[in-house]
Asks: 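Can you keep this structure in mind? I'll have questions shortly.
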Amino acid sequence: QDTKIGFIVKQPEEPWFQDEWKFADQAAKEKGFTLVKIGAEDGEKLMSAIDNLGAQGAQGFVVCTPDVKLGPGIVAKAAANNLKLMTVDDRLVGADGKPLEDVPHMGISATKIGEAVGQAIVDEMKARGWKMDEVGAIRVSYDQLPTAVDRVEGAISVLKAAGFKTQNIFDAPQAKTDTEAALNAATVVLNAHADIKKWIAFGLNDEAVLGAVRASESVGIPADGMIGVGIGGAESAINEFKKPAATGFVGTVIISPKRHGYETALNMYDWIANNKEPAKLTLTAGALAKRDDYQKVRKDLGIE
Amino acid sequence: MSFLEFSNVTKTYPGVRALSDVSFGVEKGAVHGLMGENGAGKSTLIKILSGDQHADTGEITIDGKVQAYTSTRDAFDNGVIVIHQELQLVPELTVAENLSLGRFPASAGVIARGRMLEDVGAKLKSAGIDIDMRRKVKTLSIGERQMVEIAKAIMLDARVIALDEPTSSLSSRESEILFALIDRLRGEGKVIIYVSHRLDEVFRLCDSLTVLRDGKLAAHHQSLKDVTRDQIVAEMVGREISDIWGFRPRKAREARLKVDNLSGARLRTPASFEARAGEIVGFFGLIGAGRSELMRLVFGADPRSGGTITVDGKTIAAASPHDAIRAGIVLCSEDRKHDGIIQGRSIEENINISSRRHHTRFGVLNRASEIATAETFIKKLKVRTPSRKQDIVNLSGGNQQKVILGRWLSEQDIRVLIVDEPTRGIDIGAKSEIYELLYQLAEEGMAIVVVSSELPEVMGICDRILVMCGGRISAELARDQFAEKAILAAALPDKKTPDAIAS
Amino acid sequence: MTGQLKKIVLGEQGLVVIFIVAFALVSLLVPNFLTDRNMLGLLQSVVTVGIVACTMMFCLAARDFDLSVGSIVAFAGMVAVMASNASGSILLGLLAAIACGTFVGFINGVVIAKFRINALITTLATMQIVRGLALISSDGRAVGINSPDFYQLALSKLLGIPTPIWVLAILFGIFGFVLNRTVFGKNTLAIGGNPEASRLAGVNVDRTRIWIFALQGFVCGIAGILLASRITSGQPNAAVGLELSVISACVLGGVSLAGGRAAMSGVIVGVLIMGIAENVMNLLNIAAFYQYIVRGVILLLAVLLDNLRSSAFGRR
Amino acid sequence: MTGQLKKIVLGEQGLVVIFIVAFALVSLLVPNFLTDRNMLGLLQSVVTVGIVACTMMFCLAARDFDLSVGSIVAFAGMVAVMASNASGSILLGLLAAIACGTFVGFINGVVIAKFRINALITTLATMQIVRGLALISSDGRAVGINSPDFYQLALSKLLGIPTPIWVLAILFGIFGFVLNRTVFGKNTLAIGGNPEASRLAGVNVDRTRIWIFALQGFVCGIAGILLASRITSGQPNAAVGLELSVISACVLGGVSLAGGRAAMSGVIVGVLIMGIAENVMNLLNIAAFYQYIVRGVILLLAVLLDNLRSSAFGRR
Ligand SMILES: Nc1ncnc2c1ncn2[C@@H]1O[C@H](COP(=O)(O)OP(=O)(O)OP(=O)(O)O)[C@@H](O)[C@H]1O
Ligand SMILES: Nc1ncnc2c1ncn2[C@@H]1O[C@H](COP(=O)(O)OP(=O)(O)OP(=O)(O)O)[C@@H](O)[C@H]1O
Ligand SMILES: [Mg+2]
Ligand SMILES: [Mg+2]
């Protein structure tokens, strides 16, 4: 019987997941199994997707869940459909909020990524010789998404540890997770504190930080008065680095979709075909990419 | 060959043959009457003439040229204007805009407002229609709207003008304006097709006449000189009706409905009146006299600001139609399109909507009784329809009116029946049957209030007439005091000589 | 023969016939489609949409709109979980969820009927308010279920068929009956046909509308509970965009947005068409971006067919 | 005095008056609100919604709906960027974007007017199809702009005011004029007010509707270009949910969903109210979850006020 593996992601439109799928496909081609890609934006779609995989005769699946609290449900559903289960990016938790250790997982913790962002910003501020007191921070937030909260809180914890004042951190809540919403929210913050001339920005992803950078440009803050560090390293961030002149978008913490996509699919295949159970927990690292070294960083991570 | 010629026009709707093989011609400078029972196919013929509907077979020729319209626009461009039976106005636009719709004077798409107002103003003035053309149509009463609708006929230089029951919501004063207008148009050599259920109007206006029956041509009169009313009625209905009122004296009993100092937003002067069991009370007045407003207040359709309503000695809240119906008051409203028919639902449902509560248990319908009720009233009121399941919008105007009447007549324990223009758009045969029904109900002890703009009607069937003028009751006459002049005098706001408008 | 065929396809039950033909085709052509497991999975996937469509049908038939359903479903799910967790009694949790759903629906109804505020706007507002409440009550995070019995709601089976599917079937039955055979149903249709005429015919329009929205909330409460049980947690972000799926399903099923026209059989078919489309796309492994296009095209085709059918019969 | 006051507040321009009062209050109470920079930021943030609202007003006035605007805006933005990059000419890119937008709108119009498919369903379908196209054309990724001149569209200023705001103001002016003073505008209102009467009066209803949707697409094209320039890239996920914001703004501005009633001044006020609400909430640093609730309540209050106003004048 042919091996069939599902790969379910929470936001199929997002470049990140597109990349994961692309690399998983690569693994499928190499090993000759069928990969079924399904997008499941919420818990209900996810449950249907698992049923659907079961009906198709798949033997296992990799999932990035729309919500980690779905854990027990996913485990039960997978068992009901007799499917092997691995998670990627987001680790499942039980009702008590503790991770489900039994489910093999590959990922990087949201807090860790946030901390990397914070560290990059602190380093850049030091390099530019900024005094913490005269800098304002835009926290582009999308608190509806727990991951987003963890990421920005991670960044803030590093900033605070480096001596950044809490009262200089301003919240710019996005109504949606696109650049325009971040741009509008950040503009308000910048205009409300016109006296602050130096700004830093961080958020859920590259798009959010880009919004803040665009906002700084539109209110006339020069590129050297802005430090934005994004997360993801997808096209929109790379575009910034390709621009002829440097912008306030200083860097992005690239997390590699290659490992996440390729390796999880491969592990799942090994598990099904060769009964080789994957490691319970694999943590990948993010890497900071800046204007001058992004090509190298991407190559190191196995992207192009 | 005549100037306007219908030849072998046939039209079938699902389950209904509306017109079969109708042929006749009309000459220039003539007003041609078109009569027939409800559902005989008059409106259908007019709709085909206007390009709104297409005949299955047969054709229309004007001035020797076969007309092949694909839309109403083509009909305009060929000089055909039609005033439809149902009002076709846009409430949010002004009178002037409504009259210019479809042909605004404009340069490069920008409306020449000045020119528009000038044109419309001139046309309205020449026709003797006195309506502020800057008002939005939604602020006009039905009668005023009808006048606006009629004004469309003169807005364009038409060769053929068809009017489908234009006087059904006009009182005699407005009707006169219309008749003068028609006379003028005749003088200008237009062809005019005039649909009406009112025989006196037809005799007053028409040069020739066609009678339709069941979609077929029943009679065609080149001239009305030697034709009698009874003959036309017989051609339409298939039997003789000698006295359409058929008034029967009754005895009024105890007072059932007592209205005391009732007032509301649109009826500033408080009104008081009463109606007794077994009595038919008529309300007459000119357009805008406030009769409909008063009845709506009694029925709780509009919020009242003061006054009391008593039925059989019991004061009732009547804060809504729902309450009023349960207190035994029902109102059959004048605006059937807006307030009467429930579009998209069957005849059966339209009839049962209110009275079904007598047959339900725990809110569950009693199908058998619903079907029986529907069938009963379809038969009793002679509604022309292929089945009780027919969507009410597919019925002819008069048949819709009958269904709405059926809705109210199927109610039980009515104490007070208010009918506002009950015979609007209803053919002569059905009219006399409806009067007969009203008499029966009165004899059974109901108090009946009839609001009508047809003076002969109120004089013909009522025991007592209340006249309204300018929002208040201006006169009350018992049957032995009925006199046209006196009634009209009371109805006229400006105390002009009533002879000028008496028909 | 062709005349006969035309009559069947274009007749009153035409949509059902078209659906059956389409279903047969899909069964033949798509591997793994017509298996027990896939059928059950398919049905389970339409439970939320199907349940909410029952009352949305009434809403649309009365010429109203309800955009708040997605939020209410999410909120009710949260309440069910949190109340169960807090009180330790699942029953209490369920009651609380249904009460909350009904209450929100009731408020919708009162605002719309009594203050005469446009239903679209009112429910757009409550959609946001209720979503906000759901997020606030849980600080934006999903809430796990303490008692495993709660999952059983969705996992338990009767005659081999999961409970949620039974609930759906029962609600289909009840609301089909209510629409056609009760005063409430007929009044709803009448209000949609002509609200003013219905009022003058003694229908208590305001009360009927309030009832419709309250029922809608009630049903959303049930849907929320089943959803929470299925996904084993209360999620404040659940069921985003549900309103559009539900309205599409209803319109696909021949419910007129201009009011006055609705049939339960149509809505069931509409719900199933939407579910099958999703299911088949996943079975055929159609790429995510193309799914958008396929979904749009199916929607268009389905209404187009229905339209041809209606216009062949001269009704609009 | 109170009579006078009542007359002003509840009169034709009542919404405008209420708005001015609210604006004054906010200016006084919210620090940093009434500054040049904040005002410009506020205006820039409503450019997309405002531009699209211009034609949505026509759409609603004609008793139609357009849910596809968000997708068209995103798609047009993508096209602008990709065509500019491919051809090396920004002008060509802009033309391509506007042509694409107009084309989608035109298709919407043709399907709705000629095949008589419900506008809600049609545009729900095109909304998905066009979003799918936007995602497919770029493989779901943002596309960067090669030529920095493209950014200048959004960054350039005239008399100290950024170009997008000028564009918005000009479109407000044009469409206000079109609505009230042209045959097209009056026909639109007539179609919404009474479609049957308009048809019988010889208005080419189908053509007018097609024009409305084509214009809507055209305007979405412009909005898409400005948005792409503003965020310096074409993003396939941009403007999700735009349709609801735009429709809310229009309804807030007194456009009747039952058709036939619309005014540009109202729509402008509606757009500004929505923008100010967002702006003030951010200025006051209201937590994200509470923003949902505040947004909903403001929406309700605004229509409630407008309703009181209308009913005080006896119109429905
Ligand atoms: N759209 C339609 N669908 C089905 N039947 C229709 C439709 N329109 C009209 N009819 C039927 O065609 C017949 C003729 O209707 P028409 O409106 O021409 O009558 P009419 O002579 O104008 O009657 P009235 O005096 O009541 O206005 C009626 O039996 C009516 O029910
Ligand atoms: N919707 C409305 N808005 C504002 N004014 C109205 C409205 N409807 C009617 N009116 C006004 O109320 C007054 C009385 O109305 P109406 O003409 O209906 O009275 P009526 O005596 O029943 O006459 P008829 O029924 O013969 O038309 C008129 O002056 C009319 O202009
Ligand atoms: Mg007729
Ligand atoms: Mg009247």
Side-chain angles (χ1 to χ4, degrees), chain C residues 63 65 67-68 71 111 115-140 196 236 240-241 243-245 247-248 251-252 256-258 287-304 306-308 310-311 316, chain D residues 60 63 65 67-68 71 111 115-140 236 240-241 243-245 247-248 251-252 256-258 287-304 306-308 310-311 316:
Chain C
R63 238 191 252 189
F65 250 104
L67 298 183
S68 65
S71 299
V111 172
F115 300 134
R116 310 201 173 281
I117 298 190
N118 180 291
L120 192 96
I121 291 294
T122 306
T123 56
L124 194 64
T126 40
M127 160 173 141
Q128 312 217 40
I129 296 174
V130 173
R131 182 72 67 182
L133 288 179
L135 287 164
I136 291 171
S137 63
S138 66
D139 204 22
E196 181 62 10
V240 170
E243 56 285 353
L244 286 185
S245 311
I247 293 174
S248 310
V251 177
L252 261 181
S256 160
L257 289 178
F289 300 161
Y290 290 92
Q291 293 207 4
Y292 278 90
I293 294 184
V294 175
R295 230 176 272 141
V297 170
I298 287 179
L299 204 58
L300 268 190
L301 279 185
V303 263
L304 189 62
D306 189 44
N307 232 60
L308 282 180
S310 329
S311 61
R316 285 287 302 279
Chain D
L60 297 178
R63 240 190 246 194
F65 250 106
L67 298 182
S68 65
S71 298
V111 172
F115 300 135
R116 310 203 170 281
I117 299 190
N118 180 289
L120 191 95
I121 290 294
T122 305
T123 54
L124 194 64
T126 41
M127 159 173 141
Q128 313 218 40
I129 295 175
V130 173
R131 182 71 67 183
L133 288 179
L135 287 164
I136 291 171
S137 65
S138 65
D139 206 18
V240 172
E243 56 284 352
L244 286 186
S245 313
I247 293 174
S248 313
V251 177
L252 261 181
S256 159
L257 288 179
F289 301 157
Y290 291 90
Q291 294 209 3
Y292 277 91
I293 295 183
V294 175
R295 230 177 272 141
V297 171
I298 287 179
L299 204 58
L300 269 189
L301 279 184
V303 265
L304 189 62
D306 188 44
N307 233 58
L308 283 181
S310 328
S311 62
R316 289 285 301 278

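Reminder, nothing fancy here: chain letters follow the sequence lines and each chain counts from 1. Only heavy atoms go into these numbers, but all of them, side chains included; no hydrogens, no water, no symmetry mates. These numbers were taken from a predicted model, which means no experiment stands behind them.
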Asks: Between V130(C) and chain D, which part of the residue has a heavy atom less than 4.5 Å away: side chain, backbone, both or neither?
Replies: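 Contact with chain D involves no heavy atom of V130(C) at all.
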
Asks: Heavy-atom pairs under 4.5 Å with chain D - which of L299(C), V294(C), L135(C) has more of them than the others?
Replies: L135(C)

Asks: So which residue, G132(C), A134(C), P236(C), ends up with the most heavy-atom pairs under 4.5 Å with chain D?
Replies: G132(C)

Asks: Taking all non-hydrogen atoms of both residues, which atom of S248(C) and which atom of L124(D) are closest, and how far apart?
Replies: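 Here S248(C) and L124(D) meet closest at OG-CD2, 2.8 Å.
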
Asks: Once you round to the nearest 0.5 Å, how far does CG of L252(D) lie from CD1 of I121(C)?
Replies: 6.0 Å

Asks: Nearest 0.5 Å please: distance from the CZ atom of F289(C) over to the OG atom of S137(D).
Replies: 9.5 Å

Asks: With rounding to the nearest 0.5 angstrom, report the OH to CE distance, Y292(D) to M127(C).
Replies: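 Between Y292(D) OH and M127(C) CE, I get 9.0 Å after rounding to 0.5 Å.
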
Asks: Could you tell me which portion of L133(C) (side chain, backbone, both or neither) has an atom closer than 4.5 angstrom to a non-hydrogen atom of chain D?
Replies: both

Asks: With a 4.5 Å cut-off on heavy-atom pairs, point out which of L120(D), T126(D), I298(D) contacts chain C the most.
Replies: L120(D)

Asks: Should F115(C) and L304(D) be marked as a side-chain contact (heavy atoms from CB on, under 4.5 Å) after you check the CA-CA gap, both sets of side-chain angles, and the distance that decides it?
Replies: CA-CA 7 Å; F115(C) 300 134; L304(D) 189 62; 3.9 Å; yes

Asks: With sequence neighbours excluded, give me every salt bridge (Lys or Arg N to Asp or Glu O under 4.0 Å) pair touching residues 289-299 of chain C.
Replies: E278(C)-R295(C)

Asks: Sequence neighbours excluded, which residues qualify as side-chain hydrogen bond (donor to acceptor under 3.5 Å, both in side chains) partners of S68(D)?
Replies: D66(D), N108(D)

Asks: A125(D) and L300(C): which non-hydrogen atoms are nearest, and at how many Å?
Replies: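 Heavy-atom minimum between the residues: CB-CG, 3.5 Å.
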
